[in-house]
Amino acid sequence: MKAGTSSSTPAHNSLPPPTSSSSARAARIASHSHIKGLGLTPEGVAAGDAAGFIGQNNAREVRAVLLACGVVVDLIKMRKFSGRALLLAGAPGTGKTALALAISQELGSKVPFCPIVGSEVYSTEVKKTEVLSETFRRAIGLRIKETKEVYEGEVTELTPAEAENPLSGYGKTVSHVIVGLKTVRGTKQLRLDPSIYEAIMKEKIVVGDVVYIEQQTGAVKRVGRSDAYASSYDLEAETYVPLPKGDVHKRKQLVQDVTLGDLDAANARPQGGQDIMSVMGSLVRSGRTEVTEKLRREVDRVVKGYVDQGVAEVVPGVVFIDEVHMLDIECFTYLNALLESPMAPTVVLATNRGRASVRGADDLRSPHGVPSDLLDRCLIVKTDTYNREQIAKVLQLRANVEGLKLGPGVLDRLSAEGEKASLRYALQLLTPASIAAQLAGRSQIEIEDVGEMNELFLDAKTSARMIGEDGGYDGGRAY
Ligand SMILES: Nc1ncnc2c1ncn2[C@@H]1O[C@H](COP(=O)(O)OP(=O)(O)OP(=O)(O)O)[C@@H](O)[C@H]1O
Ligand SMILES: [Mg+2]
């Protein structure tokens, strides 16, 4: 059956064909895609839901959680929280993962944020402590300032010069490329290597763009389109930049952001050619080259040298370990050590366990399944289950993000379901309900759609009740 075609008699469950733009957009909606930040103002918690995180002023608990996270964000930005840990603890579906993502959004793209899930550390190939320490190294940023000799200006000419290929009789090759660059002060014509021409083609540079070319490496960077070519459109993807000042050939300060993890990996890889065959070859031959502790120490030493000279600046980032109770006692001990190392990032942990046994030490029961020596190093923030009003707000937000229209009373009904079952269940009903509405030929979700889906799909609590105490569908018989 061809569902979704526009035949005259559609099957009962066929959907109207999605328009290409809306399906492309729907594909990008993940369960947290409405979270854009914490929504804090200098005075406290924003009343609206501008940043996608619901925390209205009247709910004291949510407000406290948001303020706590706001304080942590400020401390991280001031680089005063590294080597410490924040633990988000609370029941499932109370927004712990959402909070951590909101924190990362607040920090911006310049502060490294490395999320992992507790169970990710278990691998048959890599030691679990290795996974942890790699994640920690990826969360330490390094801002390197370099002064480089560059040619900068607006491209006035771009002419590749071709020559007969001396090796084979076929075709021609680019022997060099003539690039004209213009600044406020003057113009210059450069004769460049064919490899730079490739870089120019890759960056899609055309006459009228402002570019710079590094003298030593030949790396080409497009800054934007020159002002002189600015059009009169109100909205457009292009960035316009003024004609560069000074000479074409100058010394320029460039800022590069890398992480310690990048440096480790770059130094562990066997140095070969840059072409694709040698990269593939090294993958096949040696598999993953290990980053040894010795190499890390070497990288640290070089980095420390840079920092002392003022060339580089350390930017401690954030490691987020979701479902932290999945770690075992060895990992927890290692975490303690990592937290105390001189270059440690901020650590955010999340768990939905109450009192649970610590993995790997089953006789040890501890709050949140985290040993007490690690708990002692944490600031703990408890997230609470949402009330009806808050559930309604989250639902409305999700409906907006997914582009769904809600009919009268639907929000009430859904939030009642959410209160009875869970916020997640209510959120999960939204999409199927919208499909039911579409099938009935409506563009808006009505109460009956929600009711229908509520009958079709069980929530966790109902399902658990149906299984019953004896734990089977068949009168408790064990299968
Ligand atoms: N305050 C909020 N504002 C907006 N959306 C929220 C809020 N709290 C939770 N959500 C949304 O509700 C859903 C469930 O929250 P989330 O996944 O963060 O729960 P959790 O605490 O991590 O649960 P678990 O313990 O099961 O991992 C997500 O889609 C999340 O984006
Ligand atoms: Mg979660």
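Counting convention: from 1, in listed order, for ligands and their atoms alike. Bear in mind that the values here come from a model prediction, so they are computed numbers and not experimental data.
- If you look at Thr97 next to ligand 1, the close heavy atoms, those under 4.0 Å, come from the backbone and the side chain alike.
- The part of Glu323 lying near ligand 1 is the side chain, judged by heavy-atom distances below 4.0 Å.
- Using a 4.0 Å cut-off between heavy atoms, Leu423 contacts ligand 1 through its side chain alone, with no backbone atom that close.
- At least one N or O atom of Gly95 sits closer than 3.5 Å to an N or O atom of ligand 1.
- Applying the 4.0 Å criterion to heavy atoms of Asn352 picks out, from ligand 1, the atoms 24 (P), 25 (O), 26 (O).
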Practice prompt. Show your reasoning for whether side-chain contact (heavy atoms from CB on, under 4.5 Å) applies to Gln428 and Asp459.
Written response: CA-CA 10 Å; Gln428 263 152 1; Asp459 65 277; over 6 Å; no

Worksheet item: Please walk me through it: do His325 and His368 pass side-chain contact (heavy atoms from CB on, under 4.5 Å)?
Response: CA-CA 7 Å; His325 52 264; His368 315 301; over 6 Å; no

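- For residues 253-262, the set of pairs meeting the side chain to side chain donor-acceptor pair (under 3.5 Å) definition, not counting sequence neighbours, comprises Arg143-Asp257, Thr259-Asp262.
- For the Mg ion (ligand 2), the neighbouring protein N/O/S atoms at less than 2.8 Å, given as residue and atom, are Thr97 OG1.
- Remark: ligand 1 and Asp322 share no N or O pair separated by less than 3.5 Å (distance only, no angle test).
- Between Glu417 and Lys420 a salt bridge is recorded (basic side-chain N to carboxylate O distance below 4.0 Å).
- Counting heavy atoms under 4.0 Å from ligand 1, residue Leu427 touches it through the side chain alone.
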Residues 85-94, side-chain donor-acceptor partners within the protein, below 3.5 Å, at least two apart:
unit_1 : atom_1 : unit_2 : atom_2 : d
Thr94  : OG1    : Ala91  : O      : 2.6
Thr94  : OG1    : Thr383 : OG1    : 2.9

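- Comparing Ala98, Pro92, Ala91 by heavy-atom distance to atom 18 (O) of ligand 1, the nearest is Ala98.
- Between Gly90 and ligand 1 there is no heavy-atom distance shorter than 4.0 Å.
- Counting heavy atoms only, Arg424 comes closest to atom 16 (P) of ligand 1 of the residues Arg353, Arg424, His34.
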Which atom pairs, donor and acceptor, lie under 3.5 Å between side-chain atoms of residues 72-81 and protein residues at least two apart or in another chain?
unit_1 : atom_1 : unit_2 : atom_2 : d
Lys77  : NZ     : Glu106 : O      : 3.4
Arg79  : NH1    : Glu313 : OE2    : 3.0

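- Ala426 approaches Gly418 most closely through the heavy-atom pair CB-CA, 3.7 Å.
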